[in-house]
Amino acid sequence: MKEIKVPTGTSDILPEQIPLWRYVEDTVRTVFERYGYSEIRTPIFEYTALFNRAIGDTSDIVEKEMYTFNKSETPGEDSVTLRPELTAPIVRSYLENNLPKIKQFQKLYYCGPLFRYERPQKGRRRQFTQAGVEALGSTSYLLDADKCRDAYRDTLKKYLEPHLPQLCGNCQRRFQRNVFRILDCKTPNCIAINKDVPAFDKYLCADCRAHFDNLIKTLDESGMKYGLDKHLVRGFDYYTKTIFEITHSSLGAQDALCGGGRYDDLIAELGGPSLGAVGFAIGLERTMLALESADIKMPEPPRPKVFVAVIDQKFSPKAFHIITTLRQKGISADMDYEGKSVKSQFRTADKLKSEFVITIGEDEITKQTLKLKNMVSGTETEVNESEFLSKPSF
RNA sequence: GUGGGUGUAGCUCAAUUGGUUAGAGCACGAGACUGUGGAUCUCGUGGCUGCGGGUUCGAGCCCCGUCACUCACCCCA
């Protein structure tokens, strides 16, 4: 029989990694909330049609990377898909729950697992976690953003057409499927051709132009550091106007920590009013890779405050009573359950990094006291048992 | 889906040109005159060398296949 292991591209998060996860999750929540975003949670799977419509069929995600299934043979039961991204589900929920009617402008954030059927590599997993924000319903200047994109697409095609034979095989395919991707190519030959590609900002309509200029002006005035990348391309069809990424050099080929942009037409495309929106998502696993490479000190794992050791196993019930009492008073406490030697119990307490050890033996029972040892300083004190248990102090 | 790299103990790695019972460090467990941790020392547990075939008197090592992991393409966080 074949050994059953964790599925390809997924991994267990073991107890020792949990503090880092908590740290990262807590941090994004705190920051998002500081910026006025509220958390929203949507299902892990959605009807497949949602992603087909939102992401667009030029994307590989829709073509071959979705976990799609149909449990029911009944006709009319629609196929569902494990969510490969979260913008579309959130827009869906925003509309379905009439959020724009309650308050047109909504600032929402999320944090959770996503699924894409891909070949794993550094920073790329089949199940991964993203935290992101969506600012939905900001007044849209632009109903004609697509026109700019179409115009630029035509310009690009016109420029690249004569060079087509010199482009790499991938790019020749891209020319038909998605010209913009050619700008992103890493083949030396293609890079050379791309160098002289017409700049996109010459092809913006007045509206987009104004939007772009305003954005740049705001960024400059707030002292925000950024770079303009005329070769930046993002995969989803729903993006309009501004797109952006944050990358980190430690991440290898998959170096985007964060990516996002405007999607001013998506709400309307999913059946809602014509309202603009912006959002971005942060890859949590990639963030953690970057944190590890930056040698950031890991948060301390939780540890028991008290470990109770017994001289003889016959005192175990007593020890059990003590840890139960302490736990009820909100103090983390633990003990040995396997009748180990005193030395071994202390070793265990040490390994757990327990702050204090209480020892119980004949002496303590007759005197009705507890021996309390501070495991950092090594000093031992004797306390009255009933006093300590009714009002523990260290 | 395509290509490269790597698979030996829980982890990191050894094992002369193919040659006996596959080793070490760390980790884990027990102990060092028995009511006390960390340091040191002693002892111990632990491997169908990823799996399946082949070549050979003999394979951890060579050949083929397969699986897994990994990096990269593709695509994307």
Side-chain angles (χ1 to χ4, degrees), chain A residues 1-11 14 55 58-66 84-87 111-132 168-171 173-174 177-178 181 184-187 232-236 239 243-248 251-260 279-290 307-312 315 336 338 340-365 371-380:
Chain A
M1 198 179 84
K2 203 185 153 190
E3 197 185 348
I4 296 177
K5 303 211 282 205
V6 73
T8 298
T10 67
S11 43
L14 298 175
I55 301 176
T58 59
S59 163
D60 269 14
I61 290 182
V62 168
E63 278 184 22
K64 52 194 188 209
E65 292 178 0
M66 297 207 300
E85 62 100 50
L86 260 162
T87 299
C111 177
L114 268 42
F115 307 85
R116 292 180 199 168
Y117 186 82
E118 300 186 274
R119 276 296 276 276
Q121 72 188 71
K122 188 182 172 85
R124 194 173 72 184
R125 324 248 61 206
R126 287 184 177 178
Q127 175 176 338
F128 59 104
T129 313
Q130 281 189 358
C168 68
N170 268 325
C171 285
R173 255 187 296 119
R174 286 165 172 155
R177 271 184 63 206
N178 189 350
R181 279 254 158 254
D184 204 23
C185 188
K186 282 133 199 148
T187 314
L232 183 63
V233 178
R234 300 197 54 75
F236 300 143
Y239 284 121
I243 54 169
F244 52 89
E245 276 185 4
I246 299 172
T247 60
H248 193 271
L251 296 179
Q254 309 299 320
D255 64 349
L257 267 182
C258 167
F280 66 84
I282 301 169
L284 259 42
E285 286 85 353
R286 289 184 187 178
T287 300
M288 284 181 249
L289 283 175
F307 190 92
V308 180
V310 291
I311 300 307
D312 188 284
F315 304 124
D336 165 64
E338 296 174 69
K340 289 192 181 179
S341 68
V342 177
K343 181 191 290 286
S344 187
Q345 291 179 68
F346 268 83
R347 267 205 271 257
T348 305
D350 189 56
K351 233 162 268 163
L352 294 171
K353 291 188 159 48
S354 180
E355 274 182 72
F356 294 91
V357 173
I358 286 173
T359 317
I360 308 165
E362 300 288 357
D363 295 354
E364 288 77 14
I365 295 293
K371 202 162 261 180
L372 185 66
K373 181 170 185 174
N374 182 317
M375 292 295 276
V376 180
S377 65
T379 54
E380 233 172 351

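Computation of the quantities below employed the complete heavy-atom set of this structure, encompassing side-chain atoms and omitting hydrogens, waters and symmetry-equivalent molecules. What you see is a predicted model; the values in this text were computed from it and never measured. A note on names: the letters A, B, ... follow the listed sequences, proteins ahead of strands, and every chain is numbered from 1.
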Phosphate oxygens OP1/OP2 of [N]: is one of them under 4.0 Å from a side-chain N or O of [X]?
{"X": "A:Lys122", "N": "B:C71", "result": "no"}
{"X": "A:Arg125", "N": "B:U70", "result": "yes"}
{"X": "A:Arg174", "N": "B:C74", "result": "yes"}
{"X": "A:Gln121", "N": "B:U70", "result": "no"}
{"X": "A:Ser341", "N": "B:U34", "result": "no"}
{"X": "A:Lys351", "N": "B:G29", "result": "yes"}

* To do: Test for a donor-acceptor pair under 3.5 Å between the base of B:U36 and the side chain of A:Lys373, counting only N and O atoms.
  =>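 Indeed, a donor on one side and an acceptor on the other fall under 3.5 Å apart.
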
* B:G35 base / A:Glu364 side chain donor-acceptor hit below 3.5 Å ->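 When only heavy-atom distances are counted, A:Glu364 does reach the base of B:G35 through a donor-acceptor pair under 3.5 Å.
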
Base, sugar-phosphate, or nothing: which does [X] touch, judged by heavy atoms less than 4.0 Å apart?
{"X": "A:Ala349", "value": "nothing"}
{"X": "A:Leu114", "value": "nothing"}
{"X": "A:Thr8", "value": "sugar-phosphate"}
{"X": "A:Gln127", "value": "nothing"}
{"X": "A:Lys353", "value": "nothing"}
{"X": "A:Gly132", "value": "nothing"}
{"X": "A:Glu362", "value": "base"}
{"X": "A:Glu85", "value": "nothing"}
{"X": "A:Asp312", "value": "nothing"}

Rounded to the Å, how far apart are [X] [atom1] and [N] [atom2]?
{"X": "A:Arg286", "N": "B:C75", "atom1": "CZ", "atom2": "C1'", "value": "10 Å"}
{"X": "A:Glu380", "N": "B:G38", "atom1": "CD", "atom2": "C1'", "value": "15 Å"}
{"X": "A:Ile55", "N": "B:A77", "atom1": "CD1", "atom2": "C1'", "value": "13 Å"}

Out of [options], which nucleotide sits closest to the side chain of [X]?
{"X": "A:Arg124", "options": "B:A77, B:G35, B:U36", "answer": "B:A77"}
{"X": "A:Arg347", "options": "B:U36, B:A68, B:G31", "answer": "B:G31"}
{"X": "A:Phe346", "options": "B:U36, B:U2, B:C75", "answer": "B:U36"}

* side chain to side chain donor-acceptor pair (under 3.5 Å) against A:Glu364, all qualifying residues, sequence neighbours excluded ->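 Here no residue qualifies.
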
* To do: Fill in the dot-bracket string of RNA chain B, one character per base: . for unpaired, | for a pair to another strand, ( ) or [ ] for pairs within the strand, taking Watson-Crick or G-U pairs under 3.5 Å.
  => (((((((..((((.....[...)))).(((((.......))))).....(((((..]....))))))))))))....

* For A:Ala290 against A:Leu257, the heavy-atom pair lying closest together ->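 In this case the closest contact between A:Ala290 and A:Leu257 is CB-CD2, 4.4 Å.
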
